[in-house]
Student: 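Mind having a look at this structure? Questions to follow.
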Amino acid sequence: MEFSVEQIAQMLGGEIVGDKDTKVSKLGKIEEADGDSISFLANLKYENFLYTTNAGAVIVNRDFQPKKEHRTSLIKVDDAYTAFTRLLEEYQKFMKAMKVGTEEPSYIGQGSKVGTNAYRAAFSYIGDNVTIGDDVKIYPHASIGDNVTIGDGTTIDAGAKIYSGSVIGKNCYIHAGAVIGSDGFGFAPQADGSYKAIPQLGNVILEDNVSVGANTVVDCATMGSTVIRNGSKLDNLIQIAHNVEIGKNTAIAAQTGISGSTKIGDNCMIAGQVGIAGHLNIADKTILAAKAGVGRSIRKQGEIQMGAPSFKQTSYLKAYAMFKKLPDLVERIKNLEEKSLNSPTEK
Amino acid sequence: MEFSVEQIAQMLGGEIVGDKDTKVSKLGKIEEADGDSISFLANLKYENFLYTTNAGAVIVNRDFQPKKEHRTSLIKVDDAYTAFTRLLEEYQKFMKAMKVGTEEPSYIGQGSKVGTNAYRAAFSYIGDNVTIGDDVKIYPHASIGDNVTIGDGTTIDAGAKIYSGSVIGKNCYIHAGAVIGSDGFGFAPQADGSYKAIPQLGNVILEDNVSVGANTVVDCATMGSTVIRNGSKLDNLIQIAHNVEIGKNTAIAAQTGISGSTKIGDNCMIAGQVGIAGHLNIADKTILAAKAGVGRSIRKQGEIQMGAPSFKQTSYLKAYAMFKKLPDLVERIKNLEEKSLNSPTEK
Amino acid sequence: MEFSVEQIAQMLGGEIVGDKDTKVSKLGKIEEADGDSISFLANLKYENFLYTTNAGAVIVNRDFQPKKEHRTSLIKVDDAYTAFTRLLEEYQKFMKAMKVGTEEPSYIGQGSKVGTNAYRAAFSYIGDNVTIGDDVKIYPHASIGDNVTIGDGTTIDAGAKIYSGSVIGKNCYIHAGAVIGSDGFGFAPQADGSYKAIPQLGNVILEDNVSVGANTVVDCATMGSTVIRNGSKLDNLIQIAHNVEIGKNTAIAAQTGISGSTKIGDNCMIAGQVGIAGHLNIADKTILAAKAGVGRSIRKQGEIQMGAPSFKQTSYLKAYAMFKKLPDLVERIKNLEEKSLNSPTEK
């Protein structure tokens with residue numbers, strides 16, 4: 001995994017200033033990089049680091065002219081930031097492509113099929129009648145129940161658990177320890193105060209390009225499906241209850257919880273530690289501030305809410321500013337009351 | 001797993017209208033069901049779906065008389081909803097009963113015993129001196145430490161971890177990724193600012209019929225036991241700290257956290273994302289609204305609290321309604337102050 | 001694992017009153033202990049338990065003189081609490097030391113090295129080029145990626161996942177289900193509303209003596225490292241986002257979340273369910289109350305904050321006391337307004 005500055009410059013269509021034979025094997029920040037690393041300089045605010053960096057090579061914009069001497073080789077490209085991002089992506093793709101084949105012991109049940117270029121780690125478990133596409137990577141201790149379908153290019157990371165009947169699309173990423181398809185929390189109260197479990201027989205459907213964070217849980221539907229649509233991204237430690245539907249390209253930050261049967265629109269942005277009650281509808285492009293507690297449906301697109309129970313963020317912030325001053329306000333009321341007592345009103 | 005309409009009608013004591021030989025293999029909602037599914041119609045609000053449904057059969061009340069033509073077969077019973085629920089339960093029991101035997105490789109330590117009708121998945125781990133009852137199902141990557149006891153009919157789902165010394169009752173359900181018996185968070189601050197771990201040598205006791213959600217964590221006691229009593233139900237991603245005791249038939253929603261040594265009563269209902277401080281007593285039948293932060297013991301049964309720090313929900317909601325209007329209130333105080341300045345009080 | 005009262009007294013430098021041959025094998029609370037247990041009495045508030053306890057032996061202070069008869073043997077030492085704590089620690093050390101060797105099947109990749117006295121459980125997974133120190137314990141279903149380094153005396157508990165490239169120090173404890181090094185939540189919004197994943201190529205560094213709780217997640221850095229410094233202790237179900245840095249000896253309670261690139265100082269105490277926004281600096285010795293939502297950097301050492309958005313705890317509690325009385329305050333304003341209407345101001 002070592003590349004010469006020349007090889008990288010060729011890939012990026014760049015021009016070399018310095019030693020074309022320098023070898024690099026890592027990517028790093030210009031201020032932290034060592035001699036085996038390649039880095040980049042896009043924002044001239046950081047220009048001084050160029051003259052002190054230990055990086056083997058630095059990608060810069062084509063029009064950049066150094067003002068002092070530097071040890072590092074330069075690769076000049078049209079847009080240094082874009083070129084570096086491309087390098088990051090190629091590096092990641094390369095690393096992922098290297099994981100191929102089956103380590104033993106692994107387990108695969110009857111009637112299950114795995115596509116080409118797959119990776120099945122030692123201790124990975126695939127149940128019966130599972131259909132797995134091409135370029136799928138299944139890491140150690142991942143567990144895939146019976147009758148699951150997984151699309152091309154998807155990664156199931158270490159210890160992720162996919163319950164039976166789940167449908168996972170293409171190019172999804174299920175991070176370590178995530179649980180897809182666990183029972184919804186449904187219990188019918190009985191006359192004696194005890195609870196009887198309501199069978200949870202539905203499944204989970206993740207469309208394509210969905211990302212599910214580490215230790216996040218997506219419960220199966222009671223009947224039908226819990227659905228997360230194309231391109232939505234979930235961070236770590238999130239709770240998605242039974243029969244929830246999440247639209248396209250919605251991003252949800254860590255530790256947020258969404259209660260049963262709630263429908264979230266497309267392109268929403270939901271911050272961390274938010275809670276949303278059950279059976280609500282949240283309009284497209286809704287933005288929810290961190291720790292918001294949503295108790296009512298949000299009908300208007302693009303609304304920004306905060307607080308618990310939540311309402312418009314601008315209004316919340318005004319009210320909260322006053323909340324901080326409540327002790328002063330109480331003083332002012334006291335003063336008015338005293339004045340009022342002494343006033344000639346009674347006459 | 002295909003059944004004829006006749007077989008199902010016999011089981012439910014129902015009467016067939018239509019084709020007794022239609023085969024069904026799934027359960028579905030009347031509006032979504034396909035030809036392999038059986039569904040139900042209990043609430044006449046949904047009657048119109050009966051005339052368009054693709055379901056192979058629909059369970060209806062005995063006195064139901066269709067007003068239009070329908071393709072689906074009917075099974076008439078005394079109470080359609082109850083009959084369908086029974087079918088759901090039978091289906092789930094059947095599916096669970098099918099998992100039996102031991103897949104390899106699995107691991108079982110010295111002196112451990114497993115009852116009849118057990119399922120031990122590939123990559124399941126059972127330590128030394130473990131006692132496991134009948135009809136226990138242990139899924140892939142479940143890990144059961146030394147000296148654990150597990151009662152009849154309990155399920156340990158994929159990747160759940162039961163630390164050594166835990167005692168799990170009958171008919172419990174430990175969902176995927178749950179952790180039972182991890183160390184309590186106990187550290188003694190030292191003079192130099194560092195922490196020294198306080199050994200956590202107690203265990204966890206779950207009584208019968210306890211449900212623990214996916215990725216929920218129940219810490220062991222420092223000494224003695226962390227206890228969850230008969231019939232209590234915990235949702236996903238919950239934190240139960242060391243030496244907590246939870247009474248009977250208490251239900252706790254996702255992402256709630258209960259701090260060390262707190263005692264929760266029977267038949268409480270605790271919503272999601274609630275936090276409860278340590279060393280408190282929470283009375284029976286307490287109800288806590290989502291996101292409540294409980295800082296004091298609750299002595300009176302049946303109290304409903306909200307807010308952080310929490311107090312009576314009715315009072316909280318009144319105060320919060322005023323909070324929203326704080327900017328208006330400040331205006332009103334300003335007006336009063338201006339008037340007061342112009343008043344003849346001083347004379 | 002049975003010890004005589006004589007053996008324990010020798011270890012603690014104690015003096016026996018009663019039967020030196022009594023055997024004990026467990027440690028318990030004086031009010032709950034059975035005949036196989038040893039307990040302690042330090043606080044005389046609990047003296048009455050001494051006369052009724054079933055414990056085989058009880059450790060007491062050297063100057064303690066019983067006022068009634070007791071069945072249990074006594075071990076007299078200079079400081080009963082300290083002696084008992086020492087016993088707890090020795091017991092835990094002993095239990096840990098007993099786990100040694102390799103259970104099969106286990107997996108270890110190419111170029112990986114494991115030190116002496118290691119425990120590698122069945123179904124534990126170690127990737128390629130991993131370096132593991134002495135006295136390291138790796139429990140079932142723990143998964144350690146390629147190129148990881150783990151220092152002496154560290155425990156990786158059941159089902160914990162360490163992503164490739166992580167650096168784990170000495171005497172760390174990674175509890176069950178914890179995830180170290182998962183991808184940071186970084187996505188670049190595209191013109192069509194979709195998201196493109198930003199490669200997360202950094203790692204996680206845990207210095208020595210770090211504890212990470214069950215099902216807690218620590219994301220890797222985008223570039224560079226997410227760092228947790230010497231002696232910091234993390235409880236369960238915590239979220240640490242990419243590029244976060246946590247100082248020395250900082251303690252964080254369960255279900256707290258820290259957003260990307262935030263730097264937390266040394267010796268902070270962060271309670272449960274706290275949320276901290278991204279790119280902030282939190283000064284040394286900061287204390288954050290449960291459920292605090294921190295939206296701004298905290299520059300002053302030792303500040304105590306509460307609320308969301310958080311500010312000084314003393315101010316918060318004053319404002320919150322007034323918040324509870326808001327309905328009364330509104331009444332008082334109404335009264336003033338009515339009086340004001342009737343006042344002779346206008347004349």
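Order of the sequence lines sets the chain letters (A, B, ...), proteins ahead of strands, with each chain counted from 1.
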Student: Rounded to the nearest 0.5 Å, how far apart are CZ of Phe185(A) and CD1 of Ile252(B)?
Tutor: 8.0 Å

Student: Using non-hydrogen atoms only, which part of Val274(A) is less than 4.5 Å away from chain B: side chain, backbone, both, or neither?
Tutor: backbone

Student: Checking Thr222(A) against chain B: side chain, backbone, both or neither under 4.5 Å from a heavy atom?
Tutor: neither

Student: So which part of Thr256(A) gets closer than 4.5 Å to some heavy atom of chain B, the side chain, the backbone, both or neither?
Tutor: backbone

Student: Tell me, side chain or backbone of Tyr320(B) under 4.5 Å from chain A's heavy atoms, or both, or neither?
Tutor: side chain

Student: Using non-hydrogen atoms only, which part of Lys233(B) is less than 4.5 Å away from chain A: side chain, backbone, both, or neither?
Tutor: both

Student: Which atoms form the tightest heavy-atom contact between Asn249(B) and Tyr195(A), and what is the distance?
Tutor: O-CE1, 3.4 Å

Student: Please classify the contact of Pro327(B) with chain A as side chain, backbone, both or neither, using a heavy-atom distance under 4.5 Å.
Tutor: both

Student: For each of Asp328(B), Thr250(B), Leu27(B), Asp157(B), tally heavy-atom pairs with chain A at distances under 4.5 Å, and name the one with the top tally.
Tutor: Asp157(B)

Student: Chain A heavy atoms under 4.5 Å from Lys99(B): which part of the residue, side chain, backbone, both or neither?
Tutor: side chain

Student: Tell me the closest heavy-atom pair linking Tyr107(A) and Glu104(B), and the distance in Å.
Tutor: CD1-O, 3.7 Å

Student: Could you state the interatomic distance from CE (Met223(A)) to CZ (Phe40(B)), rounded to the nearest 0.5 Å?
Tutor: 5.5 Å

Student: Name the region of Asn230(B), side chain, backbone, both or neither, that has any atom closer than 4.5 Å to a heavy atom of chain A.
Tutor: neither

Student: Taking Asn215(B) for its side chain and Gly177(A) for its backbone only, find out whether a donor-acceptor pair lies under 3.5 Å.
Tutor: yes

Student: Against chain B, label Lys196(A) side chain, backbone, both or neither, depending on which of its atoms sit under 4.5 Å from a heavy atom there.
Tutor: side chain

Student: Between Tyr125(A) and Ala122(B) (side chain of the first, backbone of the second, donor and acceptor by atom type, cut-off under 3.5 Å), is there such a pair?
Tutor: no

Student: Which value, rounded to the nearest 0.5 Å, describes the distance between Met322(A) atom CE and Glu331(B) atom CD?
Tutor: 8.5 Å

Student: Sort out for me which of Gly224(A), Pro309(A), Gly293(A), Ser315(A) touches chain B most, counting heavy-atom pairs under 4.5 Å.
Tutor: Pro309(A)

Student: Quick one: pull up CG in Leu88(B) and CD1 in Ile198(A) and give me the separation to the nearest 0.5 Å.
Tutor: 9.5 Å

Student: Checking Ser211(B) against chain A: side chain, backbone, both or neither under 4.5 Å from a heavy atom?
Tutor: side chain

Student: Please look at Asn335(A) and chain B and tell me whether the side chain, the backbone, both or neither of the residue comes under 4.5 angstrom of a heavy atom of that chain.
Tutor: neither

Student: Chain A: which of Gly159(B), Ala158(B), Ala121(B), Gly231(B) shares the most heavy-atom pairs with it under 4.5 Å?
Tutor: Ala158(B)

Student: Chain B heavy atoms under 4.5 Å from Pro189(A): which part of the residue, side chain, backbone, both or neither?
Tutor: neither

Student: Step through the shown structure and confirm whether more than 12 heavy atoms of other residues, nucleotides or ligands are within 6.0 Å of NZ on Lys137(A).
Tutor: yes

Student: Is it the case that the side chain of Asn267(B) and the backbone of Gly193(A) share a donor-acceptor pair, with hydrogens and angles ignored and the cut-off at 3.5 Å?
Tutor: yes

Student: For Ser143(A), is it the side chain, the backbone, both or neither that has a heavy atom under 4.5 Å from a heavy atom of chain B?
Tutor: both

Student: Most heavy-atom pairs under 4.5 angstrom with chain A, which of Lys93(B), Glu337(B), Glu89(B), Lys325(B)?
Tutor: Glu337(B)

Student: Answer with side chain, backbone, both or neither: which region of Phe187(A) has an atom nearer than 4.5 Å to a non-hydrogen atom of chain B?
Tutor: side chain

Student: Relative to chain B, which segment of Lys161(A) carries a heavy atom at a distance below 4.5 Å: side chain, backbone, both, or neither?
Tutor: side chain

Student: When rounded to the nearest 0.5 angstrom, what is the spacing between OH in Tyr139(B) and OG in Ser164(A)?
Tutor: 7.5 Å

Student: In terms of heavy-atom pairs under 4.5 Å with chain B, which of Lys291(A), Gln200(A), Arg332(A) leads?
Tutor: Arg332(A)

Student: Output yes when a side-chain donor or acceptor of His141(A) lies under 3.5 Å from a complementary backbone atom of Phe123(B), and no otherwise.
Tutor: no

Student: Counting distance only, does the side-chain N/O of Gln255(B) pair as donor-acceptor with the main-chain N or O of Gln255(A) below 3.5 Å?
Tutor: yes

Student: For Gln273(B), is it the side chain, the backbone, both, or neither that has a heavy atom closer than 4.5 Å to a heavy atom of chain A?
Tutor: side chain

Student: Non-hydrogen atoms of chain B under 4.5 Å away: do they reach the side chain of Leu336(A), the backbone, both or neither?
Tutor: side chain

Student: Between the side chain of Asn236(B) and the main-chain N/O of Gln239(A), is any donor-acceptor distance below 3.5 Å?
Tutor: no

Student: Report which part of Leu329(B) has an atom under 4.5 Å of a heavy atom belonging to chain A: side chain, backbone, both, or neither.
Tutor: neither

Student: What part of Tyr163(A) gets within 4.5 angstrom of chain B, counting heavy atoms only: side chain, backbone, both, or neither?
Tutor: side chain

Student: By a 4.5 Å heavy-atom criterion (distance strictly below it), what part of Ala142(A) contacts chain B: side chain, backbone, both, or neither?
Tutor: backbone

Student: With chain B, which of Gly202(A), Gly295(A), Ser124(A) has the greatest number of heavy-atom pairs at distances under 4.5 Å?
Tutor: Ser124(A)

Student: Which atoms of Ala214(B) come close to chain A, meaning under 4.5 Å heavy atom to heavy atom: side chain ones, backbone ones, both, or neither?
Tutor: both

Student: Leu237(B) versus chain A, heavy atoms under 4.5 Å apart: side chain, backbone, both or neither?
Tutor: side chain

Student: Assess whether atom NZ of Lys318(A) is packed by more than 12 heavy atoms of other residues, nucleotides or ligands within 6.0 Å.
Tutor: no

Student: Mind checking side-chain contact (heavy atoms from CB on, under 4.5 Å) for Glu32(B) and listing every partner two or more places apart, or none if nothing turns up?
Tutor: Lys29(B)

Student: Side chain, backbone, both or neither: which part of Leu326(A) has an atom under 4.5 Å from a heavy atom of chain B?
Tutor: side chain

